[in-house]
Q: 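One structure is given below, represented as structure tokens, and several questions about it will come after.
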Amino acid sequence: MTGNNPFTSAMAQLTKATTILEQRVTSTEIRERLKQKIEQLRQPKRIINVTLPVVMDDGTQQIFQGYRVQFNNARGPYKGGIRYHPNVSLDEVKALSFWMAMKCAVADLPMGGGKGGVIVDPKSLSEKELERLTRAYGKAIADVVGPDKDVPAPDVNTNGVIMGWMLEEFIKSKVHTVHKVKNVTNVKTLQTFNSSQLRATFTGKRIEDGGSEGREEATGLGGLYVLQTILDKLELQSSKVKSSSKSQVQNKQFTVAIQGFGNVGYNIAKFLYESGFRVVAVSDSKGGIYVPDGINPELTLECKKKNGYLAGCYCSGSVCDLKKGKQISNAELLELPVDILVPSALENAITKENASKIKAKVVLEMANGPTTPEADIILYKRRIPVIPDILSNSGGVSVSAFEWEQNLKNEHWSKTKVNEKLKAKMEKQAGSVWDASMTYKTDLRTAAFVVALERILKAMS
Ligand code: GLU
């Protein structure tokens with residue numbers, strides 16, 4: 001891990017896209033107004049700091065620090081996940097909340113950007129301690145969230161169960177507030193308040209708590225749709241085919257290395273594998289495996305669950321054969337000679353230190369902020385397209401928005417309907433970003449920022 005500050009990186013990305021927007025403006029007055037609005041996008045609207053005392057299983061108390069950053073709500077309620085990680089910092093959460101604002105705008109969702117984080121290694125907590133910490137955080141942010149205010153969701157190391165605990169704390173706090181305001185003795189039951197609309201406060205919930213079909217795998221599936229759309233465009237571009245018949249990319253040709261094997265890394269691996277790509281390497285925080293023949297992600301996950309770690313899981317076909325592959329480090333995985341590199345872990349995976357050693361032909365960013373601005377410049381010069389996080393991983397928040405909509409309307413959509421809507425959205429937005437990159441002759445990240453900023457700036461006026 002380098003010392004790259006994610007918020008500094010995020011602001012450098014904003015500056016780069018702003019230059020393109022400014023070039024298009026001829027009137028001094030409009031340029032001045034544009035500058036003022038961009039200045040507003042350089043700081044979050046609100047930062048909530050929370051201190052969370054938690055009773056540990058041994059009776060001692062531990063105090064945890066957490067944040068919720070509400071970056072921008074010009075297009076709708078703040079939206080974004082909550083992360084549990086020992087390296088969470090305010091600048092990281094600020095960057096992630098800014099990226100959420102951009103991501104929701106690229107995905108054309110009626111939402112702004114927010115993010116939360118707690119400084120904790122959840123693996124060091126028991127289940128009960130995790131629940132107490134989560135409830136403390138849920139209670140601490142209850143006043144600032146709500147279906148029309150701020151809609152949190154899972155992120156690194158959080159999931160539907162955790163969202164369920166937070167939702168319960170939120171609902172309890174609403175019951176309490178109504179009780180106080182109306183001074184009623186007969187407190188309305190939790191049941192009354194467990195309405196569909198209050199459930200829209202959190203997304204990424206379990207189905208039984210009002211979650212959406214398809215939400216768990218949505219980030220991975222959305223990433224596949226984005227990748228296929230951009231590969232088709234690249235193919236068209238390189239072959240310079242101008243005919244109306246679209247040349248379909250032969251997925252089989254492509255080898256893939258995936259850094260990270262959490263919810264996002266696993267699901268993108270599974271969808272790529274099922275679509276005929278050859279996934280030759282995956283890794284988790286402890287290291288990775290390289291299997292030139294390709295792995296079977298489902299078997300590899302089973303094997304990882306059994307062993308507790310990935311090393312030793314070389315699963316291709318229907319068997320896990322210990323002789324077929326080799327163990328590699330995360331750093332080695334990033335530099336493998338593959339067609340597609342998929343960073344799906346944390347920020348700062350591709351930096352100025354390793355960008356010149358990347359051998360992949362395309363980078364699909366499934367993590368948030370995995371490539372630093374310096375690395376972006378190096379990769380652009382080397383003609384390695386980087387499909388940016390705010391586009392590639394926007395499938396998750398898109399289905400979160402579908403979940404929010406279902407809760408607000410008290411509906412439950414089929415998985416087929418959710419996935420059809422996701423596919424249409426991802427293909428459309430990937431097409432818009434591609435077109436912007438052609439129009440402004442710029443990289444895909446800057447193009448995605450331009451698309452997002454145009455939408456946000458319009459909503460700000
Ligand atoms: N944490 C996910 C992200 O970074 C999903 C956010 C959401 O669903 O609100 O995009």
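Just so you know, these numbers come straight off a predicted model, no measurement behind them.
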Q: Does a side-chain N-to-carboxylate-O contact under 4.0 Å join E420 and K417?
A: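 A salt bridge is absent here (no side-chain N lies under 4.0 Å from a carboxylate O).
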Q: Roughly how far apart are S97 OG and F7 CZ, rounded to 0.5 Å?
A: 7.5 Å
Q: Would you please say whether a donor-acceptor pair under 3.5 Å links the side chains of T134 and Y84?
A: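 T134 vs Y84: donor-acceptor pair found between side chains.
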Q: Quick one, E302 with K305, criterion salt bridge (Lys or Arg N to Asp or Glu O under 4.0 Å). Give me CA distance, side-chain angles, the key distance, then yes/no.
A: CA-CA 5 Å; E302 268 173 41; K305 279 187 183 154; over 6 Å; no
Q: May I ask you to say whether K458 pairs ionically with E454, meaning some side-chain N is under 4.0 Å from a carboxylate O?
A: no
Q: With no hydrogens and no angle check, do the side chains of R33 and S27 hold a donor and an acceptor under 3.5 Å apart?
A: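 No, because no side-chain N or O of R33 sits under 3.5 Å from a partner of the opposite role on S27.
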Q: T442 and A447: which non-hydrogen atoms are nearest, and at how many Å?
A: CG2-N, 3.9 Å
Q: Around E216, counting heavy atoms of other residues, nucleotides and ligands shown, do more than 12 lie under 6.0 Å from its CD?
A: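 Check fails, neighbour count at 12 or below.
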Q: Just wondering, more than 12 heavy atoms not from K428 lying within 6.0 Å of its NZ?
A: no
Q: Is the positively charged end of K286 above the ring of Y309, judged by distance under 6.0 angstrom from the centroid and angle within 45° of the axis?
A: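 Judged by the rule (NZ or CZ under 6.0 Å from the ring centre, within 45° of its axis), K286 is not positioned above Y309.
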Q: With rounding to the nearest 0.5 Å, note down the distance linking CZ in F71 to CG in L96.
A: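 Those atoms lie 11.5 Å apart.
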Q: Please report the C-alpha distance between Y78 and M100 in whole Å, then the side-chain angles of each, then the deciding distance to 0.1 Å, and finally whether the side chain to side chain contact (heavy atoms under 4.5 Å, CB included) criterion is met.
A: CA-CA 9 Å; Y78 302 103; M100 281 311 304; over 6 Å; no
Q: Taking only distance into account, with no hydrogens and no angle test, what donor-acceptor pairs under 3.5 Å do side-chain atoms of residues 360-369 form with protein atoms, sequence neighbours excluded?
A:
residue : atom : partner : partner atom : Å
K361    : NZ   : D339    : OD1          : 2.5
E365    : OE1  : D389    : N            : 2.8
E365    : OE1  : R445    : NH1          : 2.9
E365    : OE1  : R445    : NH2          : 3.4
E365    : OE2  : T371    : OG1          : 2.5
E365    : OE2  : R445    : NH2          : 2.8
N368    : OD1  : K103    : NZ           : 2.9
N368    : OD1  : N393    : ND2          : 2.9

Q: Do any side-chain atoms of residues 113-123 form donor-acceptor pairs under 3.5 angstrom with protein atoms, and if so which ones, sequence neighbours left out?
A:
residue : atom : partner : partner atom : Å
K115    : NZ   : D155    : OD1          : 2.9
D121    : OD1  : K123    : N            : 3.1

Q: Output all residues satisfying side chain to side chain donor-acceptor pair (under 3.5 Å) with S283, sequence neighbours left out; order by chain, then residue number.
A: N330
Q: Taking the side chain as every heavy atom from C-beta outward, state whether L336 and K359 have any pair of such atoms under 4.5 Å apart.
A: no
Q: Report yes or no: does N354 contribute a side-chain atom to a donor-acceptor pair with the main-chain N or O of T351 at less than 3.5 Å?
A: yes
Q: Mind checking whether V106 and V433 have side chains closer than 4.5 Å, heavy atoms only?
A: yes
Q: Could you tell me if K326 sits above the aromatic ring of Y290, with its cationic atom closer than 6.0 Å to the ring centre and no more than 45 degrees from the axis?
A: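 So K326 doesn't make the cation-pi contact.
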Q: Y137 side chain to Y67 main-chain N or O, any donor-acceptor pair under 3.5 Å?
A: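 Side chain of Y137 to backbone of Y67: a pair is present.
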Q: Between K205 and E403, does any NZ, NE, NH1 or NH2 come within less than 4.0 Å of an OD or OE carboxylate oxygen?
A: yes
Q: Please report the interatomic distance CD1(I47) to CG(L90), rounded to the nearest 0.5 Å.
A: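 Output value for this atom pair is 5.0 Å.
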Q: When you look at K423 and E427, which way does the salt bridge (Lys or Arg N to Asp or Glu O under 4.0 Å) test go after all the steps?
A: CA-CA 6 Å; K423 186 169 193 277; E427 289 176 353; 3.1 Å; yes
Q: Stepwise, does the side chain to side chain contact (heavy atoms under 4.5 Å, CB included) test hold for L301 with F261?
A: CA-CA 8 Å; L301 182 67; F261 209 53; 4.0 Å; yes
Q: Please check if the side chain of S212 supplies one atom and the backbone of R215 the other of a donor-acceptor pair under 3.5 Å.
A: no
Q: Roughly how far apart are I162 CD1 and L167 CG, rounded to 0.5 Å?
A: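 The CG atom of L167 is 14.0 Å from CD1 of I162, to the nearest 0.5 Å.
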Q: Could you please spell out the steps behind the side chain to side chain contact (heavy atoms under 4.5 Å, CB included) verdict for L391 and M426?
A: CA-CA 8 Å; L391 172 66; M426 293 296 105; 5.8 Å; no
Q: Is a side-chain donor-acceptor pair under 3.5 Å present for W413 with E411?
A: yes
Q: Got a salt bridge between D443 and K16, using NZ or NE/NH1/NH2 to carboxylate O under 4.0 Å?
A: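 Answer for the salt bridge query: yes.
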Q: Verify whether one side chain among Y273 and R278 offers a donor that lies under 3.5 Å from an acceptor in the other.
A: no
Q: Could you check if a side-chain atom of T8 sits within less than 4.5 angstrom of a side-chain atom of M11, using non-hydrogen atoms only?
A: no
Q: Check this for me, if you would: do K421 and E213 make a salt bridge, where the nitrogen-to-carboxylate-oxygen distance has to be below 4.0 angstrom?
A: no
Q: Go through I38 and L457 one step at a time and tell me if the side chain to side chain contact (heavy atoms under 4.5 Å, CB included) criterion holds.
A: CA-CA 8 Å; I38 296 289; L457 295 170; 4.2 Å; yes
Q: Between K409 and E405, does any NZ, NE, NH1 or NH2 come within less than 4.0 Å of an OD or OE carboxylate oxygen?
A: yes
Q: In the structure I gave you, are the side-chain heavy atoms of T255 and F277 within less than 4.5 Å of one another anywhere?
A: no
Q: Look at K415 together with E217 and state whether they make a salt bridge at an N to O cut-off of under 4.0 Å.
A: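 Yes.
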Q: Using a 3.5 Å distance criterion without hydrogens, assess whether the side chain of R455 forms a donor-acceptor pair with backbone atoms of A105.
A: yes
Q: Using side-chain hydrogen bond (donor to acceptor under 3.5 Å, both in side chains), reason through S356 and R382 one step at a time and then give a plain yes or no.
A: CA-CA 8 Å; S356 56; R382 296 185 57 215; 6.0 Å; no
Q: Any salt bridge between D284 and K304, counting N to O under 4.0 Å?
A: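 The answer is yes: the pair qualifies as a salt bridge.
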Q: Is the backbone N or O of L408 less than 3.5 Å from a side-chain atom of Q197, with the two atoms forming a donor-acceptor pair by type?
A: yes
Q: Are any of the side-chain heavy atoms of L333 and L341 separated by less than 4.5 Å?
A: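 Heavy-atom side-chain distance check passes, below 4.5 Å.
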Q: Using 4.0 Å as the upper bound for N to carboxylate O, is an ion pair formed by R68 and D150?
A: yes
Q: Please test E22 against K37 for salt bridge (Lys or Arg N to Asp or Glu O under 4.0 Å), starting from the C-alpha separation and ending with a verdict.
A: CA-CA 12 Å; E22 279 178 356; K37 287 186 189 171; over 6 Å; no
Q: Less than 3.5 Å apart, any donor N or O on the side chain of N73 or K79 sitting next to an acceptor on the other?
A: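 Their side chains do not contain a donor-acceptor pair, so the 3.5 Å distance test is not met.
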